[in-house]
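Let me begin by presenting the structure, written as structure tokens, before commenting on it.
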Amino acid sequence: VTDSSSEAILARLARIPLYVIFMRPTELHDLGSQEGKVLMREHVEWQLAMESRGTLLGAGPLDVEGATPVAGSLMVDATGMSIIAAPSRREAELIAATEPFRVRGWREHMVCPWELNEGRAVPLGRKLVSDTMERGRGEPA
């Protein structure tokens, strides 16, 4: 018999501190241009480098056209996101500031703390945070 009291359920939450980087294009954003194609390649390389270092839990575009409006506006004003492990929000902001589209002014970012509590990603989230803390920082070298 398992304890289903509120306290027992809350005690089971993983409480893994991660950060979500929401990305929104600026008026400069033009993926059809030559510069846009170069920036997209650099952006993907940036993501893959974070994955290789064990900083990135996941990333990808958001379907804002298929999103459900909340109170007349979208719940998330972004077209892409990355979920990363970092020692602090400040460190997560520093990591986000190195993203190639952001560096060139083609995207704005919003970094939000996120707590991973349940799901199959919990063991991986724990490892990402543990490895990041051992390294001290998660930003690109």
Side-chain angles (χ1 to χ4, degrees), residues 1-33 35-141:
V1 178
T2 60
D3 184 357
S4 61
S5 69
S6 294
E7 294 81 19
I9 291 169
L10 291 174
R12 292 179 54 194
L13 300 180
R15 292 184 165 73
I16 300 167
L18 297 169
Y19 297 88
V20 180
I21 304 169
F22 290 105
M23 303 172 190
R24 180 178 58 187
T26 67
E27 66 281 349
L28 299 175
H29 200 266
D30 179 9
L31 293 180
S33 69
E35 185 178 7
K37 292 174 185 172
V38 169
L39 283 172
M40 180 54 81
R41 181 184 49 77
E42 291 175 3
H43 166 77
V44 173
E45 289 173 344
W46 178 80
Q47 299 272 50
L48 293 173
M50 284 197 303
E51 179 182 332
S52 294
R53 280 190 309 279
T55 302
L56 180 68
L57 178 66
L62 295 169
D63 179 10
V64 293
E65 290 182 23
T68 303
V70 176
S73 64
L74 292 179
M75 190 175 344
V76 176
D77 185 12
T79 58
M81 63 180 261
S82 300
I83 303 171
I84 64 169
S88 68
R89 184 179 188 146
R90 181 180 177 281
E91 297 295 332
E93 293 276 1
L94 291 172
I95 293 167
T98 67
E99 192 272 324
F101 282 112
R102 165 116 178 242
V103 169
R104 296 267 193 18
W106 283 42
R107 284 188 179 163
E108 297 172 342
H109 292 167
M110 180 174 64
V111 175
C112 297
W114 177 59
E115 192 173 83
L116 174 59
N117 282 325
E118 310 90 9
R120 298 191 72 176
V122 165
L124 182 53
R126 281 193 179 114
K127 178 148 179 49
L128 285 174
V129 168
S130 173
D131 291 352
T132 298
M133 295 306 172
E134 284 180 21
R135 284 192 310 274
R137 289 181 73 149
E139 86 280 355

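Between Val111 and Ala92, the shortest heavy-atom contact is CG1-CB, 3.8 Å. Nearest heavy atom pair, residue Pro113 against residue Tyr19, reads CA-CD2, 3.7 Å. Residue Arg104 comes nearest to Leu28 through the heavy atom pair O-CD1, 3.9 Å, listed as atom of the first residue, atom of the second, then distance. Listed here is the closest heavy atom pair of Arg126 and Ile16: CG-CD1, 3.5 Å. Taking both residues in full, the closest heavy atoms of Ser33 and Asp30 are given as OG-O, 2.8 Å, listed atom of the first, atom of the second, then distance. Of all non-hydrogen atoms in Thr26 and Gly105, the two that sit nearest each other are OG1-O, 2.6 Å.
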>> Test side-chain contact (heavy atoms from CB on, under 4.5 Å) on Leu39 and Trp46; report intermediate values, then the result.
In response: CA-CA 10 Å; Leu39 283 172; Trp46 178 80; over 6 Å; no
>> Assess the residue pair Ile95 and Met50 against the criterion (side-chain contact (heavy atoms from CB on, under 4.5 Å)); give the C-alpha distance rounded to whole Å, side-chain angles, the decisive distance to 0.1 Å, and a yes or no.
In response: CA-CA 9 Å; Ile95 293 167; Met50 284 197 303; 3.6 Å; yes
>> Please determine whether side-chain contact (heavy atoms from CB on, under 4.5 Å) holds for the pair Glu7 and Leu10, giving the CA-CA distance in whole Å, both sets of side-chain angles, and the decisive distance to 0.1 Å.
In response: CA-CA 5 Å; Glu7 294 81 19; Leu10 291 174; 5.9 Å; no
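Summarising the geometry, atom CH2 belonging to Trp114 is positioned 7.0 Å from atom CE belonging to Met81; distances are rounded to the nearest 0.5 Å. Here CD of Glu99 is found 4.0 Å from NE2 of His109. Values are rounded to the nearest 0.5 Å. Taken from CG in Leu13 to CG in Leu116, the straight-line distance is 10.0 Å, to the nearest 0.5 Å. Here the CG atom belonging to Leu57 is positioned 10.5 Å from the CD atom belonging to Glu51, to the nearest 0.5 angstrom. The CD atom of Glu108 sits 13.0 Å away from the CE atom of Met23 when rounded to the nearest 0.5 Å. To the nearest 0.5 angstrom, Glu91 atom CD is 11.0 Å from Thr55 atom OG1.
Judged by distance alone, with hydrogens and angles left aside, the side-chain atoms of Arg53 form a donor-acceptor pair with the main-chain N or O of Ala49 at under 3.5 Å. Looking at Thr132, its side chain does come within 3.5 Å of a backbone N or O of Leu128 through a donor-acceptor pair. Without hydrogens or angle criteria, Glu115 side chain to Asn117 main chain gives no donor-acceptor distance under 3.5 Å.
Every residue two or more places apart in sequence or in another chain was checked for a salt bridge (charged side-chain N to carboxylate O under 4.0 Å, His left out) with Glu35, and none qualifies.
In Arg120, the CZ atom is not crowded: 12 or fewer heavy atoms of neighbouring residues, nucleotides or ligands sit closer than 6.0 Å.
Counting only heavy atoms from C-beta outward, the side chains of Leu56 and Ile84 approach each other to under 4.5 Å. Contact annotation: the side chain of Phe101 never approaches that of Glu42 to less than 4.5 Å [non-hydrogen atoms, C-beta and beyond]. Taking the side chain as every heavy atom from C-beta outward, Pro100 and Glu45 never approach each other to under 4.5 Å.
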